[in-house]
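Here is the structure we will look at, set down as structure tokens.
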There are 2 protein chains.
Amino acid sequence: MPTSIKENYLKALHFLSLQSGVVSLTELGNAMEVSKPTVNDMVKKLAARGWVKHERYQPIQLTSEGHKAAALVIRKHRLSELFLYQVMGFGWEEVHDIAEEMEHIKSELFFQRMDEMLRFPVFDPHGSPIPDKAGNMVTPTYQLLSQISSPCRVALKAIRNSGTDFLKYLNEKNLQLGTELEISSIESFDGSISVSYGHCEQLVMSHSVSSLLWVEVIL
Amino acid sequence: MPTSIKENYLKALHFLSLQSGVVSLTELGNAMEVSKPTVNDMVKKLAARGWVKHERYQPIQLTSEGHKAAALVIRKHRLSELFLYQVMGFGWEEVHDIAEEMEHIKSELFFQRMDEMLRFPVFDPHGSPIPDKAGNMVTPTYQLLSQISSPCRVALKAIRNSGTDFLKYLNEKNLQLGTELEISSIESFDGSISVSYGHCEQLVMSHSVSSLLWVEVIL
DNA sequence: AAATAAAGTTAGATATGTCTAACTTTGAAG
DNA sequence: CTTCAAAGTTAGACATATCTAACTTTATTT
């Protein structure tokens, strides 16, 4: 019953909007783990606040105000993640869960000061862009490693999933942002990719791993 | 509607208990700025959780579990205050309000790390003791400046009220923790006290100010 | 000890966020 | 173009934290 629940709906709407720009009630309900009537009610309240557009039986769409409100929550989240990582020395696999709580702090001063201490950063520890105070964020043009079709050299730029388990897996494999990977072969059958990097002669990544890594081709 | 409301009731109960050990519903209601029925309901819930002892028409008393729960919230609050002051560079007049939000963060790791970074501190920026992880805190034996009855030399050790306005007043007067004050005269009529310290030749403090300053006699 | 004000309690209401069960609309398949 | 499952909506309920109005106890004052 705590936190600002609406902020969490806004965040979910933001991420679900990324594909098609619109979101169904069912999708939002699944993301928030609540029933359809609950989402339905909530969407009415969000619409009343001007954050979403919604006509009966139609999909939901964030308004520009809604987008901005969501971006400002994401800003607080990602700034917190970077602060935890850079200033407090947490690992990138630990910061998401704590930031999930910090993002609901209302004090402007607090995030203002964080922003200053971190020198107005643009990326969080997972490589995701940090929106600015106006809610605008850069949109890097990375590719998913799983989308690369022929052997080449790439640099790891961002992680699509900040879940602890996946990041621990990357830690074990010594994969960090900036790590350069030589793609040696791509198995078209199951989409698995063989890469080498640093001290690692060969690592075979399944599609489910490579589809969570944003990379940039180099050379 | 946010935060863990019960934690705020526990904190209020802790501070109101300091005098007599028991708290009336009315007192608690005033402190929390809620009506008597609201307090009454809440006290029943706190009693059900084992945090307070309460018989109909009798005053409320924190149980030892309740005391501990309150102390752990106060720990998070004061640790946050010191972190904001020491690590983030906020002024002592700014930290209370932000800590009021941070104290409701549940992550043990977060406060654990703060505690380490600050080297397991025992006092917050206002000189109040920080409870340890078991909920125990030191009980300094300071006197209120207003309780001093004859001219002497004292050191400012703690501030009874962490409100922004009072702390800004102290800033203006250049009064900090550790500042040594020479008490030159005490007006028995209205309880006002004349002190000199540092570059200040004479400052006359009203009783309402001197009763908010904890001091220790020196020499 | 009776009167009465202060303190505490009960009853009934509201707002928020949630649920299940039942009903309606939409849209895709036959 | 009818059928039907999936998606969305309505109705009615519950828990939490809050309120006002009215009633009961306690304790003080005369």
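In the text below, chain A, chain B and the rest are named by the order of the sequence lines, each starting its count at 1.
In this entry the distance linking CD1 of I5(A) with P of dT16(D) reads 14 Å, nearest Å. Protein atom CG of L16(A) is 14 Å distant from nucleotide atom P of dA7(D), rounded to whole Å. Rounded to whole Å, the distance from CE on M42(A) to C1' on dT9(D) is 17 Å. Between the C1' atom of dT10(D) and the CG atom of L25(A) lies a distance of 13 Å, rounded to the nearest Å. Rounded to a whole Å, the NZ atom of K44(A) is 14 Å from the P atom of dG17(C). At whole-Å resolution of the value, CD in Q58(B) and P in dT9(C) are 9 Å apart. Distance, D41(B) CG to dG12(C) C1': 12 Å, rounded to whole Å. Computed from coordinates, the E55(B) CD to dT9(C) C1' distance equals 15 Å when rounded to whole Å.
Under 4.0 angstrom from either OP1 or OP2 of dT18(D) there lies at least one side-chain N or O belonging to Y9(B). Taking only side-chain nitrogens and oxygens, T26(B) never comes nearer than 4.0 Å to OP1 or OP2 of dA6(C). Between N40(A) and dG8(D), a side-chain N or O to OP1/OP2 separation shorter than 4.0 Å is absent. Between dG17(C) and K6(A), a contact under 4.0 Å exists linking OP1 or OP2 to a side-chain N or O. Taking side-chain N and O atoms only, R56(A) has a distance below 4.0 Å to OP1 or OP2 of dT10(D). Neither OP1 nor OP2 of dC23(C) sits under 4.0 Å from any side-chain N or O of K36(A). Checking the phosphate oxygens (OP1, OP2) of dG17(C), no side-chain nitrogen or oxygen of T38(A) falls inside 4.0 Å.
In the set dT18(C), dT26(D), dT25(C), the nucleotide with an atom closest to the side chain of V34(A) is dT18(C). Residue S24(B) has its side chain nearest to dG8(C) when only dT18(D), dT18(C), dG8(C) are considered. Considering only the side chain of P37(B), dT9(C) comes nearest among dC19(C), dT16(D), dT9(C). Proximity note for H54(B) (side chain, C-beta onward) versus dT9(C), dT20(D), dA7(D): the nearest is dT9(C).
Taking the charged nitrogens against the carboxylate oxygens, K76(A) and E108(A) have no contact shorter than 4.0 Å, which rules out a salt bridge. One finds a salt bridge joining D115(B) and R75(B) here, because a Lys/Arg side-chain nitrogen approaches an Asp/Glu carboxylate oxygen to under 4.0 Å. Using a cutoff of 4.0 Å between basic side-chain nitrogens and carboxylate oxygens, K68(A) and E65(A) are not scored as salt-bridged.
Checking side-chain atoms of Q86(A) against main-chain N and O of F83(A) turns up no donor-acceptor pair under 3.5 Å.
The aromatic ring centroids of H96(B) and H77(B) lie less than 6.0 Å from each other.
If you check every strand for non-hydrogen atoms under 4.0 Å, S35(B) touches a base.
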